[in-house]
Protein chains: 2
Amino acid sequence: MQDALIRKLESFETLSDHDRAALTALALRVRKVGARVDLKREGDAPDNVHLVLDGYACRYKVLPDGQRQIMAYLVPGDFCDLNVFILDQMDHSIATISACQIVDIPSAAIEAITTEHPRVTRALWWCALVDEAVLREWLVNLGGRPANHRIAHLICELLLRLEAVGRVTRNSFEFPFTQSDIADTMGLSAVHVNRTLRELRTLGLITLKQRVMTILDVERLKAYCDYNPNYLHLRNTRWSARRTVPWLGSGHGG
Amino acid sequence: MQDALIRKLESFETLSDHDRAALTALALRVRKVGARVDLKREGDAPDNVHLVLDGYACRYKVLPDGQRQIMAYLVPGDFCDLNVFILDQMDHSIATISACQIVDIPSAAIEAITTEHPRVTRALWWCALVDEAVLREWLVNLGGRPANHRIAHLICELLLRLEAVGRVTRNSFEFPFTQSDIADTMGLSAVHVNRTLRELRTLGLITLKQRVMTILDVERLKAYCDYNPNYLHLRNTRWSARRTVPWLGSGHGG
DNA sequence: CGTGCTGTTGAGTAGATTCAACTAAGGTGG
DNA sequence: CCACCTTAGTTGAATCTACTCAACAGCACG
């Protein structure tokens, strides 16, 4: 199950065996990290690039009043800090949610792969742009949707992102987040998250037990929150948006 | 006043005359666009790179129920779409707020400048990372702060960003946003924005008339909303965070 | 001199919060 | 093996922040 990154990249661009081998070679220094551990703290100087191979992590900030805001979920195949080496210091922290496998990649190794593998370079660019698009969609979520749609939207997004890295089986996936985590993500109180999850359960849209989320009716859940996956820019998956020009795969990667 | 971009980049990295000349040469095709005009619509295919030379614009999305969510303000010196040429289609729209001067830059010109000017390349990277950091901070704003702090925070951010491009005089700057714009930005109703602005005026923190925002007491306003400018990663300005290693300017741009 | 957009203010309402009590589950040590 | 402790989840009641609806004032524009 170490191919999360490759699977994700291939949901955008078809890679050659050579490309895949180069990516696999990045995962030399794999490290196991427990749940609820800081990988990086706000103010730290960037060092290596970190990649989540397995498990869930998040970006977060803590406000002066102690309030925590989670700004991103990092799932297998996601980079923690692909480009931050430009900056002097982290402006947010990164912590594991569940136990994780993390790869430390020297930024020189990233530079090397990008000079030799144009398709991989394009795909890494795509990663960064999608991360930003997800951030924008979360902003829409917090700014424009009520609590029940907000949480449904998050669940839809996780389904698609996890499916792109092969972590979904029969519409079920690992869900190690506590209700407090979701509250700090969605700008809600933990109590209200509890009631909202109950609503989604009562409506027969999801079940959630033993840290496993199951979506009972994907189409109904998507309709419930008007979910539009275009911002994930998935191309080679069953969720890909219909396009006028299905300019698929085998890119000549300029 | 065409040097907004250069000024902004120099708040991160000192540039040579040669670098500056190359950047100035980008602004060939300048275009005037009226207020409230779409520059790009969701679903469009990316074409050129667009740069705001003068005026204010925004990124936004419209939800199925007609609700508009603004996700970013673009001020002089900001790129609309520095890297989106990787993607097949825009996942959000971009519109002017006030009348603007926009430069259309062929992506080839960007590629050319980045191969020849490593300091400029680093600085453009920095732009993209700061844009993302601003987005994260906005998420914190919507998720974690009450309406009054939220709006105060936005005003503080605009002050710093506009100061970095020379658009602030005696703590005053152009503020062409309507209260509805602010509402759609901050996830509030226009009525509540009105009352909140009145609160800030009553507290003697700001004045706002004839589309000009004046901050009466910058330190008090920043204290009011616990403003921390670290996410803007400004280095060569009076707002720069104190650093242990002031590894300033004249970077050997690797 | 109306028309439309922006801003302002009041009144009633609703969605979400806080506080609080309590249950369930998991882990630890005697 | 069970008492104990801690964390996560659940539910009720009261409160509050922010919303909706509505009316109106100021101003620009044709």
Side-chain angles (χ1 to χ4, degrees), chain A residues 34-37 56 58 63 65-70 95-99 141-154 174-202 206-213 224-225, chain B residues 34-37 56 63 65-70 95-99 141-154 174-202 206-213 225:
Chain A
R36 310 285 160 183
V37 173
Y56 294 65
C58 69
L63 298 181
D65 67 353
Q67 164 94 310
R68 176 182 65 155
Q69 178 66 43
I70 293 178
T96 59
I97 296 283
S98 60
N141 219 9
L142 291 200
R145 285 189 261 255
N148 45 8
H149 294 177
R150 221 182 275 186
I151 292 181
H153 190 282
L154 177 69
E174 290 278 313
F175 194 86
F177 308 99
T178 67
Q179 295 185 350
S180 277
D181 291 334
I182 305 174
D184 291 346
T185 306
M186 299 312 240
L188 298 167
S189 70
V191 171
H192 200 57
V193 168
N194 182 294
R195 296 193 231 267
T196 305
L197 284 173
R198 178 157 52 83
E199 187 187 336
L200 297 182
R201 266 187 266 113
T202 305
I206 61 165
T207 60
L208 174 53
K209 37 190 170 187
Q210 252 78 50
R211 306 272 114 120
V212 172
M213 171 76 71
Y224 179 75
C225 61
Chain B
R36 310 285 161 185
V37 173
Y56 294 65
L63 297 182
D65 67 353
Q67 162 95 311
R68 176 181 64 154
Q69 178 66 42
I70 292 178
T96 60
I97 297 284
S98 61
N141 219 8
L142 291 200
R145 284 189 261 256
N148 45 9
H149 294 177
R150 221 182 275 187
I151 293 182
H153 191 282
L154 176 69
E174 291 278 314
F175 194 87
F177 308 99
T178 67
Q179 294 184 352
S180 275
D181 291 334
I182 306 173
D184 291 346
T185 307
M186 300 313 237
L188 299 167
S189 70
V191 171
H192 200 59
V193 167
N194 182 293
R195 296 193 229 267
T196 305
L197 284 173
R198 177 158 53 81
E199 187 187 337
L200 297 182
R201 268 189 264 113
T202 306
I206 62 165
T207 62
L208 174 54
K209 35 188 171 190
Q210 254 78 50
R211 308 267 114 121
V212 172
M213 171 76 70
C225 61

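Throughout, a chain's letter reflects where its sequence line sits, starting with A, and its residues are numbered from 1. Computed from a predicted structure; not experimentally measured.
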Please list, for nucleotides 8-12 of chain C, all pairs of protein and nucleotide N/O atoms separated by less than 3.5 Å.
unit_1, atom_1, unit_2, atom_2, d
C/dT8, OP2, B/Q179, NE2, 2.6
C/dT8, OP2, B/N194, ND2, 2.9
C/dT8, O5', B/N194, ND2, 3.3
C/dT9, OP2, B/R198, NE, 3.0
C/dG10, N7, B/R195, NH1, 3.3
C/dG10, O6, B/R195, NH2, 3.4
C/dA11, N6, B/R195, NH2, 3.1

Partners meeting side chain to side chain contact (heavy atoms under 4.5 Å, CB included) with B/A35 (sequence neighbours left out): none
Distance-minimising heavy-atom pair for B/L154 and B/M186: CB-CE, 3.5 Å
For B/R36 against B/T178, the heavy-atom pair lying closest together: NH2-CG2, 3.7 Å
Interatomic distance where CZ belongs to B/R211 and C1' belongs to C/dT6 [whole Å]: 7 Å
Closest non-hydrogen atom pair, B/S98 against B/Y56: OG-N, 3.0 Å
d(CZ, B/F177; C1', C/dC5) in whole Å: 18 Å
Length of the CG-P vector between B/D184 and C/dT6, whole Å: 11 Å
Separation of atom CD1 in A/I151 from atom P in D/dG9, rounded to whole Å: 12 Å
Residues in salt bridge (Lys or Arg N to Asp or Glu O under 4.0 Å) contact with A/R211, at least two apart in sequence or another chain: none
End axis versus end axis in the helix from C/dC1-D/dG30 to C/dG30-D/dC1, the angle rounded to 10°, five pairs used at each terminus: 40°
Interatomic distance, B/I97 CD1 vs C/dT6 P [rounded to whole Å]: 11 Å
For B/N148 against B/T196, the heavy-atom pair lying closest together: CA-CG2, 3.4 Å
Charged N-O contact under 4.0 Å between A/R68 and A/D181: yes
Side-chain donor/acceptor of B/R145 to backbone N/O of B/R150, under 3.5 Å: no
Considering all heavy atoms, the nearest B/T96-B/G34 contact: OG1-O, 2.7 Å
Separation of A/R195 CZ from A/I151 CD1 (nearest 0.5 Å): 12.5 Å
Rounded interatomic separation in angstrom, taking CD1 from A/I182 and P from D/dA8: 12 Å
Nearest-Å distance for atom pair NE2/C1', residues A/H149 and C/dA16: 15 Å
Touch class at under 4.0 angstrom, heavy-atom based, for A/R36 against every strand present: nothing
For A/H149, all residues meeting ring-ring contact (aromatic ring centres under 6.0 Å, His included), sequence neighbours excluded: A/Y224
Provide a list of protein-nucleic acid N or O atom pairs under 3.5 angstrom, restricted to nucleotides 16-18 of chain D.
unit_1, atom_1, unit_2, atom_2, d
D/dA18, OP1, B/A147, N, 3.1
D/dA18, OP2, B/H192, NE2, 3.3
D/dA18, O5', B/H192, NE2, 3.4

